[in-house]
Every structure is written in structure tokens, then in C-alpha cells.
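Just below is one structure, and these are the notes that go with it.
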Amino acid sequence: MNMERNQSLWGDAWQRLKKNRIAMACLSLVVLFTVLAVYGEVLYRYHDIKDTTPAYQNTDLDMAFKAPSSKHWMGTDGLGRDVMARLVQGVSIAYKVGIITSLIAIPIGVFFGCIAGYFGGKVDDFVVWLYSTFASMPGLLFILAIAMVVGKGLLGIYLGIGLTTWVGICRLMRGEVIKHKGQTYVLAAQALGLSSGRIIFRHILPNVMHVIIVTFTLRFPAAVGTEVFLSFLGIGVQDQPSWGLMINSARMRLWQGIWWEMTFVTLAVFLLVLAFNLLGDALRDALDPRLND
Amino acid sequence: MLKYILKRILQMLPTVVGVILLTFVLFNVVGGDLAAIAMGKKVSLQSMESFDEQRGLNKPLFFGTRAKSRAYEDQDFSEGAGRWRTWSNAVYSAESAAVMLQPKSAFSPIAFKLNPDNDFEWTISFRGAGTLAGRELASKDWKTEKIRFQGMEDGGFSTEKDTLEIRRLKLRRVVKNPFDSQLLYYVKQLMRGDLGTSESLHQPVSKLLADGILPSLSLTIPIFFIGVVVSISLSLVCAFFRDTFIDRFLVMFSVALMSINYLVYIVAGQYILAYKHGMFPVWGYESARYLALPVLIGVVSGLGSNIRFYRTVMLDEMYKDYVRTAFAKGVSKPRVLFVHVLKNAMIPIITNVVIAIPFLYTGSLLLESFFGIPGLGYLGINAILSSDIDVVRALVLIGALLFVVSNLLTDICYAVADPRVKLK
Amino acid sequence: MTTADNILEVQNLSVHFGHGDETVKAVDDVSFVVGHGETLALVGESGSGKSISALSITKLTPRAARFEGGQVMFGGQNMLSLSDRELRGIRGSQISYIFQEPMVSFNPVYTIGWQIEEALKLHRKGIDRKVEISHLLDLVYLPDRLATAYPHQMSGGQLQRCMIAMALACSPELLVADEPTTALDVTVQREILNLLAELSKKVNLSVLMITHNFGIVSDLADHVCVMKKGKIVEEGQTRQVLDDPQHDYTKQLMAAVPRLHPAKGGGVSPMK
């Protein structure tokens with residue numbers, strides 16, 4: 001019975017989403033970015049295995065700072081590298097950060113949120129204490145501090161963002177599970193003598209899945225933005241073409257009128273973040289059970 | 001009311017403990033070798049030891065009777081000879097993963113003079129015969145022994161006729177009081193109000209904080225107040241014109257504002273407004289004029305998410321039944337909005353506003369460094385970039401404690417704003 | 001078509017939600033009248049359009065509602081063509097409402113006295129409002145001291161009394177009661193209904209009562225309109241409808257009534 005309700009919930013949501021023209025535009029943009037990210041990652045792996053220099057790393061000082069042309073659609077940077085190729089590579093870094101930090105933050109948040117909401121009492125007290133402690137930490141500075149002690153590079157970014165952003169999900173899940181705990185289907189499962197773990201993860205979790213999906217869509221752009229920021233500071237990505245690094249190098253040249261790298265990179269960041277933000281909003285509206293009433 | 005406040009303060013204590021623990025875990029446990037992070041690996045072991053000593057890092061983490069000493073750092077012989085390579089009378093054999101001390105040799109692997117007041121302990125796995133720290137060692141088969149000696153004694157090796165093979169060697173300082181740990185040291189330090197010393201600036205952290213707070217506040221307080229007023233006003237406009245073109249436009253506008261990266265605001269603002277058009281000074285901290293652009297950027301960059309938040313709050317209230325009752329009484333729309341809805345919306349608004357207070361103190365990390373405002377954000381970024389542990393830790397810790405206090409303030413504001421709270 | 005006997009005449013009212021294929025005709029060509037000093041009951045299950053009809057009278061309907069035709073005649077003017085300003089002058093002073101959920105229908109951050117006073121401030125000038133508030137609370141048998149209480153400090157029954165006091169504050173001509181007892185305990189329901197009946201007689205009030213409960217209809221209403229899916233399917237004198245329901249839907253609704261007072265008004269006896 002739960003399954004049916006779920007399917008119709010997703011089906012209805014999809015129907016609603018399809019009618020929302022802005023959401024569909026954002027969805028196609030997200031699909032496009034995803035394809036680029038996969039392409040960029042494959043390219044990187046290919047050259048990594050073959051031990052060759054990929055096109056986006058090819059330097060050609062004669063070609064430095066060339067404005068957009070038919071050969072280089074988005075121009076070249078200070079080392080004569082093609083901005084567009086690097087931009088595409090940047091998508092895959094952004095996606096890696098968005099996905100891996102989610103893989104760290106969401107399971108932690110969901111797990112603690114579920115057990116706190118379901119068991120209540122001492123467990124709940126502990127989880128609430130834990131997340132209030134983490135929530136008290138000054139956001140960006142805390143991420144920077146984690147990245148600092150873990151060391152420069154992507155790992156520091158993954159851990160920094162991942163270990164600080166589970167709090168929001170945890171809070172949301174705790175609230176949702178508390179709401180569901182009193183519902184009949186949970187009481188029925190308890191009456192059947194199912195184990196708590198099974199009730200939480202097989203019965204309640206599928207019913208609050210939409211919260212996780214929406215959270216993922218909305219935290220993804222935030223993680224990407226933070227990565228850009230950290231790489232810009234030189235704490236994150238070191239030798240890959242990250243958007244943050246590109247903005248950093250383009251910033252200096254902007255003053256000399258070399259506008260293309262800055263423009264295209266910021267545009268790419270803007271479009272990716274905007275698409276995810278709008279899609280997340282539309283998903284929330286489409287999935288929000290309050291509107292289904 | 002007083003009782004309520006006291007109760008809230010009591011409930012706040014576990015979080016304070018949590019915050020202190022978390023900063024401790026982050027820096028002392030996860031951080032691993034802080035001296036290496038702060039000074040790099042190129043400095044002498046002795047200066048690292050004194051770095052540790054100064055920060056209590058040469059103690060056990062939580063509890064224990066033994067602590068590491070940098071005078072001889074553990075190494076795994078199965079991975080190579082390490083620093084034993086440099087001693088000519090010690091021969092490394094990769095096959096047996098051990099070093100062999102030649103007959104008639106004497107040397108000390110201790111890198112610098114040990115503290116004479118402490119006791120130390122060698123743990124050695126050996127075969128053959130020789131002397132370590134004045135104790136005779138002799139065994140045909142592999143054997144592990146512990147040798148305790150005083151810091152002023154010679155802790156080195158010597159061999160006579162035979163060779164001595166060593167497979168494992170560990171040096172530990174004996175801790176007299178097992179509770180004398182890094183954690184205790186940290187807590188004691190905080191109790192004294194000592195936040196440590198900046199490694200790169202050679203100044204006490206508390207002085208750096210005191211110097212930076214005013215510039216930070218001069219930037220963040222205007223951002224804070226202008227931001228709150230502008231975004232609440234715009235969200236009221238949204239609520240008033242909800243579902244009309246104006247509302248939809250403002251919603252799209254705020255999502256677009258949110259999606260622009262913070263860096264872009266700064267870079268574009270500095271380049272276009274200050275550099276190209278010369279409307280503002282580009283860099284510096286000399287007069288109020290220098291603050292205008294950073295404040296503008298700060299306000300605009302926060303506007304998007306704030307409008308969205310406040311709009312949601314207002315609209316949530318607009319759909320409540322009491323609003324319909326007010327309309328049914330003949331109350332006008334502006335009055336419903338300003339007298340009925342706004343007072344109810346005050347509760348989430350207060351939360352959002354008060355919670356933002358700790359960020360006033362950290363300032364805006366990037367704004368300050370881009371515009372050369374010598375505040376705490378500037379200090380923070382530089383500390384991160386130069387791995388200045390004590391400064392970063394102090395900034396994180398104080399930021400967190402301020403957050404906890406702000407939470408307390410929020411609760412007190414609730415009690416004032418919402419008549420329902422007092423009963424709970 | 002307005003006759004002097006009727007205080008309210010709703011003619012061919014249609015209210016729709018949504019567009020295109022998804023249009024919901026919440027109120028579909030509905031007409032009814034409320035006579036002076038009379039009580040008309042609009043009966044139907046939830047979703048039948050009775051609440052939207054009631055809210056339409058002073059255009060309190062949700063924003064998404066569209067008026068697709070018809071008129072609401074009150075005091076010689078069509079309410080649907082009045083400006084917002086003119087409507088505000090009528091709401092609360094000539095037409096008052098009582099809503100279903102007293103617990104959430106008051107603003108939680110203001111005292112009861114403040115909220116009653118607001119109605120007085122808007123529509124009645126030059127009176128001693130303090131005295132008037134205590135008089136109003138008196139009218140609904142509540143002690144004066146409750147004027148300084150906040151909604152969360154009171155029970156549902158008390159709040160509904162306050163709601164009645166607030167509705168009567170400016171001596172309205174028409175009282176619209178939208179399921180005034182549904183959210184209350186059964187024992188409290190009776191008290192509120194008795195109070196409403198007593199007060200409407202005392203001040204010669206016309207009442208439009210929205211309900212799904214035929215028990216209430218038989219006690220209070222002079223006339224009945226039964227609504228189903230946005231249309232009126234049966235109407236008439238209460239006695240006549242109760243004794244001899246024509247439409248199957250009416251019969252079903254009557255059968256669904258839990259019998260509070262089986263002895264009273266034999267017409268409510270359930271269908272076999």
C-alpha cells in the first residue's frame with residue numbers, strides 16, 4: 001500500500017513538474033551539465049591512464065590571451081590554454097564536489113536524523129546535542145579549518161563541506177520521522193514485531209525520500225559555490241582546472257581588459273547554480289505533501 | 001522570566017562543552033601533527049618540540065601515562081632505514097627489516113637533549129648484545145624490552161664485541177599524572193582566557209582579535225542592518241502583491257541573486273564600480289567612503305536568500321486562519337500585513353536575525369581581504385593560508401561560542417515576542 | 001428582484017478555481033435568500049462548495065477563486081461589484097463571520113480584548129470601548145478578565161464564545177457561521193448552539209449557517225439548502241425538508257447524523 005502511494009506521489013510530482021516550463025528548462029540544463037561532467041571525467045581518466053597531456057592542459061604561449069575566435073570559442077588563458085575545454089573540465093570537478101560531499105553529508109544526516117526521531121529520549125538528546133554543536137560552528141571558517149588540517153586538495157574540500165552540512169538534513173529528517181512515527185503504518189509495523197532498523201529504513205525512509213531528493217538538489221549548488229570559493233583561495237583543487245582557480249587567474253587579467261575567461265566561468269557557475277536552485281524549488285513544490293491535500 | 005533565562009543558560013552548557021570538544025578534536029586529534037602543519041617539515045625537531053611544549057601538544061590526547069617525544073620519532077623499519085641511513089655504524093638490511101649495530105660502536109639516536117626533569121622509556125625489539133641507556137641487552141632470539149631512564153642520563157647505544165640488531169624502537173616520555181592531557185591543557189588555557197600565540201605574526205591571539213574586531217564591525221554592522229531592513233521590506237512587498245507579477249519577479253530576482261557566486265559580486269563590483277567607473281575607492285581602510293562599496297556588495301550578496309526566507313515566512317502566515325478572521329472583521333490589507341502578520345512573523349525573523357550575529361564578528365572573510373580592511377576576516381584568511389593554527393582555532397571557537405550566546409538571545413526574544421512561550 | 005423581506009439574495013452565483021481542463025466549479029449557479037431575522041442553513045459534505053459560497057458573500061474567498069457570474073445582493077447593492085474599500089466597511093459591521101476552528105482563528109500574539117477592540121475601532125466611533133468589550137463578554141457569559149487573556153490560554157469553547165462576541169461587536173445585520181461547532185467537543189457544541197440561537201433571537205439577527213450536521217439544522221434553521229458538488233440539490237422549509245426529503249443525497253446526509261436528541265424533531269430519524 002505504501003508502495004502504491006509512493007508511486008503515485010512520484011507520478012503526480014512528475015506530472016506537475018512537466019507542466020512547469022521553467023523547471024523543465026532547468027532540468028535540461030542540469031542534464032546538459034551532467035553530460036559535460038561525465039565527458040570531462042572520462043577525458044581526465046583516459047589521459048591519466050595513457051599518461052598524456054589532455055587538450056585542456058596544452059599550453060601554447062604564442063596563443064596566450066587570445067579573444068574568442070572560431071578556433072577558441074571562449075578564447076585562451078594566460079598560458080594559451082583553451083578556456084572552453086577547461087570550463088568543461090571544471091564541470092566535472094564541480095559535480096565531483098557536489099556528489100561526494102552529498103555522499104558524506106546525506107548518509108550522516110539521514111542516519112542521525114532517523115534514529116533521533118524514531119527512538120527519541122536519550123538518543124534524541126545526544127543527536128540534538130551533536131548537531132547543535134556542529135551548527136554552532138561558524139560555517140565557512142569551520143570548513144576552511146577542516147580543509148587546513150586535512151591538507152590542501154580535493155580531500156580537504158570533500159571533508160570540510162561534507163562534515164559541516166549534514167546538520168540541516170539531520171534536522172529535517174528528525175522532524176519528518178517524528179511526524180511519521182505516530183502514523184498507522186508505523187504502528188502496524190511495530191505491532192507485527194518488525195525490528196526498529198527495518199521499520200526505520202524500509203518503511204519510514206521510502207516515505208520521506210522526497211525530502212532527501214529536494215535537499216540534495218538544493219545543497220548541490222551550495223557545495224559547488226563553496227568549492228569555487230575554496231579553490232579560489234588556493235586551498236582546494238591544485239592542478240585541475242577548477243572554476244575557482246580559473247576565476248582567480250582571470251581576476252588579475254580582468255584589469256587589463258581580458259574579459260572572456262572571467263565572463264564565461266562566472267556565467268557557467270551562475271547557470272549551474274541557478275538551474276539546480278530553480279529545479280530544487282520546483283521539486284519541492286511538486287513533492288510537497290501539503291499541496292497535495 | 002529570570003527563571004526561564006536561567007533554565008536556558010543551563011541548557012546551553014552542553015553545547016558549550018560540545019563546541020570546546022569539537023575544536024579540540026578537530027585540531028588536536030584530526031589535525032595530527034600541528035607543528036608540521038604550522039611550520040612545515042623543514043624545521044628542526046627541537047623547534048617542533050618547543051612548539052609542542054608551548055601548546056601542550058607533547059602530552060597524551062585525553063588520558064595516558066606515556067607521551068611521544070620528537071627526540072626520537074617512531075619509524076617502521078620494514079619501510080626503510082629512514083634516518084638510520086646517516087649513521088655509518090648502523091647497517092640496514094631490508095631482508096630482515098632491521099638495523100644492525102656494528103661491534104665497538106657508540107651513538108645516540110636521540111635528536112636533541114632531553115628534558116632532564118622527565119623520565120623516558122625505550123621500547124626495543126632486539127637480538128644480539130649491547131647497551132642502551134646504560135642497561136645491558138643480551139638475547140639470542142628476538143626479544144622486546146622496556147628500558148626506563150631519566151632525561152639527564154645518556155639514552156644512547158653502545159656495543160662491545162657483538163652486534164645488536166634492532167627491529168623496532170620507540171621512545172616515550174613517562175607522564176607523571178595521567179590526567180595531565182592535551183584536553184586538560186586546552187581547557188585550562190581557555191579558563192585563563194589565553195587563546196594562544198600567532199606563529200606567523202608573533203603576537204598573542206587575543207591582541208590580534210582585539211585589534212581586528214572594530215574594523216570588522218564597521219563593515220558588518222552596516223551590512224547587517226541595511227540587509228535586514230531592505231530584505232524584510234522587499235519580502236513585505238512580495239506578501240502584499242503575492243501571486244502577482246511583482247511577487248513573481250521578486251522571487252525570480254532573488255533566486256538569480258542567490259545563484260551568483262559571492263566571488264563574482266566582489267570581483268565585478270571592484271572592477272566595474274570602483275576601477276572602471278571610479279565611483280568608490282578600490283582598496284584601503286581610511287575613511288567611511290572606503291567602506292561604501294564593501295557594504296553595498298555585502299548587502300546585495302545576502303539579499304537573495306534573505307528575501308526568499310522572509311517571503312516564505314510572511315506567506316506562511318498569510319495563509320493562516322487568523323488572517324481570514326482579521327479580513328472578515330473589515331481590517332485593511334496593509335493593517336493585516338503590518339499589525340497582524342508581521343508580529344507573528346517576528347519569531348522566525350528574530351531567529352534569522354539573531355543567528356546572523358556571530359557572522360558580524362568573523363566579518364566577511366573575502367570582502368575584508370579584497371578591500372584591505374584589517375578586520376578578523378582578513379586575519380582569518382591569512383591565518384588559514386599561513387596555517388596559523390592558534391588564530392584559526394580561536395576564531396572558530398569564539399565564533400561558535402557567540403553563536404551559542406545568540407541562540408540564548410533568540411530564546412529570550414521569543415519569550416518577549418510570543419505570549420505562548422512563557423507557559424512552556 | 002430584491003424584496004424588502006430578504007436581507008441577502010444570492011443569485012446564480014458561480015465560483016471557479018483553476019483553468020482549462022482543471023477548472024473546478026466550486027460553486028455552480030447557486031441561488032438562495034436569507035430573510036430578515038431568519039436562519040438559513042447551507043448543508044452539504046466537505047467540498048460541496050458551501051464554505052466558498054459563504055465566503056463569497058463578502059469576497060473573502062482565496063485568491064485563486066474566480067467569480068464567473070451571478071450576484072450577491074445585500075443592502076441594495078451587489079457585493080461582487082463593490083470596491084475593496086466598500087467591502088471593508090461592510091465586513092465586520094454589517095456582515096460578520098464565525099469560523100470553524102476557534103483555536104487558530106484568533107491571532108495568537110494579541111489578547112482577546114485587543115482583537116475585539118480592533119473590530120470596534122474600525123466600525124464604531126465614539127464609544128467607550130472598554131465598557132463595550134466587557135458588555136460583549138457578558139453577552140456570551142464570559143468573565144471580563146478574559147479580555148486580557150491570550151488565545152492559547154483559553155479553551156475551544158471559550159474562544160468560540162469570544163468569536164461570537166467579536167462578531168456581534170458592531171451589531172451586524174447578517175451573521176455567517178461557517179461550521180461554528182465542528183471543531184468543538186460534543187458537550188461544548190450544544191452550549192455554543194444554544195448561545196447562537198438565544199442571541200439571534202435577542203438582537204433579531206439573520207444567520208447564514210454552514211453545516212454538514214442535520215441535527216444543527218433541525219434545531220436552528222428556518223430554511224435549508226442542501227448543496228452537492230457546487231449545486232443546490234434541494235431547498236425548502238426546514239420542517240418540510242426534514243420530514244420529506246426529496247433528493248437521495250439529502251436522505252444520505254440525514255442518515256449520517258449521529259442522533260444527539262432523538263426525541264426532538266422526529267424528522268431527523270434515520271433512514272431505514
Side-chain angles (χ1 to χ4, degrees), chain A residues 22 125-126 128-152 159 163 221-222 224-226 228-235 243-244 247-248 250-251 254-255 259 262-263 265-267 269-278 280-281 290, chain B residues 12 14-23 26-27 30-32 34 37 251-252 255-256 258-264 266-268 270-271 275-276 304 308 355 358-359 361-362 365-366 369 376-377 380-381 383-385 387-389 392-393 395-404 406-407:
Chain A
I22 294 176
D125 289 345
F126 171 75
V128 170
W129 171 76
L130 197 65
Y131 77 57
S132 348
T133 302
F134 270 86
S136 306
M137 293 292 162
L140 199 55
L141 200 61
F142 190 46
I143 296 178
L144 285 169
I146 293 180
M148 181 181 86
V149 299
V150 174
K152 287 179 181 179
L159 289 179
L163 292 179
V224 171
T226 313
V228 169
F229 187 87
L230 294 181
S231 296
F232 175 86
L233 288 176
I235 286 168
W243 289 345
I247 292 179
N248 195 6
R251 174 173 69 100
L254 189 61
W255 304 63
W259 53 269
M262 192 69 191
T263 311
V265 178
T266 53
L267 199 66
V269 181
F270 174 69
L271 283 180
L272 178 71
V273 173
L274 183 72
F276 268 97
N277 273 338
L278 287 175
D281 282 354
R290 271 183 304 178
Chain B
M12 176 179 107
T15 318
V16 172
V17 172
V19 163
I20 293 175
L21 265 180
L22 189 57
T23 49
L26 174 63
F27 288 97
V30 181
L34 291 186
I37 293 176
V251 170
M252 285 303 287
V255 178
M258 265 173 70
S259 303
I260 297 176
N261 198 280
Y262 193 51
L263 284 172
V264 176
I266 299 179
V267 172
Q270 201 173 30
Y271 175 66
Y275 177 74
K276 275 249 153 163
R308 262 165 66 98
I355 288 304
F359 299 103
Y361 134 89
T362 25
L365 294 170
L366 263 201
S369 41
L376 297 177
I381 288 278
I384 295 272
L385 293 179
S387 300
D388 201 335
I389 306 276
V392 176
R393 177 155 75 181
L395 284 172
V396 170
L397 182 73
I398 293 185
L401 292 180
L402 273 178
F403 185 89
V404 176
S406 310
N407 259 325

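None of these values were measured; they are calculated from a predicted model. Residue numbers start from 1 in every chain, and the chains themselves are labelled A, B, ... in the order their sequence lines are given, proteins ahead of strands.
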Show the nearest heavy-atom pair for residues Ile384(B) and Ala145(A), with the distance to one decimal.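 Looks like CD1-N, 3.9 Å.
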Query raised in the report: Would one find more than 12 heavy atoms of other residues, nucleotides or ligands at under 6.0 Å from atom CG of Leu267(A)?
Result: yes
Query - Derivation of the side chain to side chain contact (heavy atoms under 4.5 Å, CB included) call for Val273(A) and Asn261(B) - result: CA-CA 9 Å; Val273(A) 173; Asn261(B) 198 280; 5.9 Å; no
Just to verify, which of Val269(A), Leu271(A), Leu274(A), Leu278(A) counts as forming a side chain to side chain contact (heavy atoms under 4.5 Å, CB included) with Ser259(B)?
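Exactly one pass, corresponding to Leu274(A).
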Looking only at Leu21(B), Val392(B), Ile389(B), most heavy-atom pairs under 4.5 Å shared with chain A are made by Val392(B)
Val404(B), Leu402(B), Leu366(B): which one forms the most heavy-atom pairs within less than 4.5 Å of chain A?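 If we count pairs closer than 4.5 Å to chain A, Leu366(B) comes out on top.
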Output for pair (Gln270(B) CD, Arg251(A) CZ), nearest 0.5 Å, gives 7.5 Å
**Item:** Spatial distance of atom CG (Leu263(B)) from atom CE (Met262(A)) [nearest 0.5 Å]
**Value:**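 Leu263(B) atom CG to Met262(A) atom CE measures 7.5 Å (nearest 0.5 Å).
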Chain A contact via [X] - side chain, backbone, both or neither, heavy atoms under 4.5 Å:
{"X": "Leu26(B)", "answer": "both"}
{"X": "Ala268(B)", "answer": "neither"}
{"X": "Leu397(B)", "answer": "neither"}

Taking only distance into account, with no hydrogens and no angle test, what donor-acceptor pairs under 3.5 Å do side-chain atoms of residues 133-143 of chain A form with protein atoms, sequence neighbours excluded?
unit_1	atom_1	unit_2	atom_2	d
Thr133(A)	OG1	Trp129(A)	O	2.8
Ser136(A)	OG	Ser132(A)	O	2.6

Side chain / backbone / both / neither for Leu144(A) at chain B, heavy atoms under 4.5 Å:
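Both parts, heavy atoms under 4.5 Å.
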TODO: Identify, with sequence neighbours excluded, every residue that meets salt bridge (charged side-chain N to carboxylate O under 4.0 Å, His left out) alongside Arg308(B).
DONE: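 For Arg308(B), the residues satisfying salt bridge (charged side-chain N to carboxylate O under 4.0 Å, His left out) (neighbours in sequence not counted) are Asp281(A).
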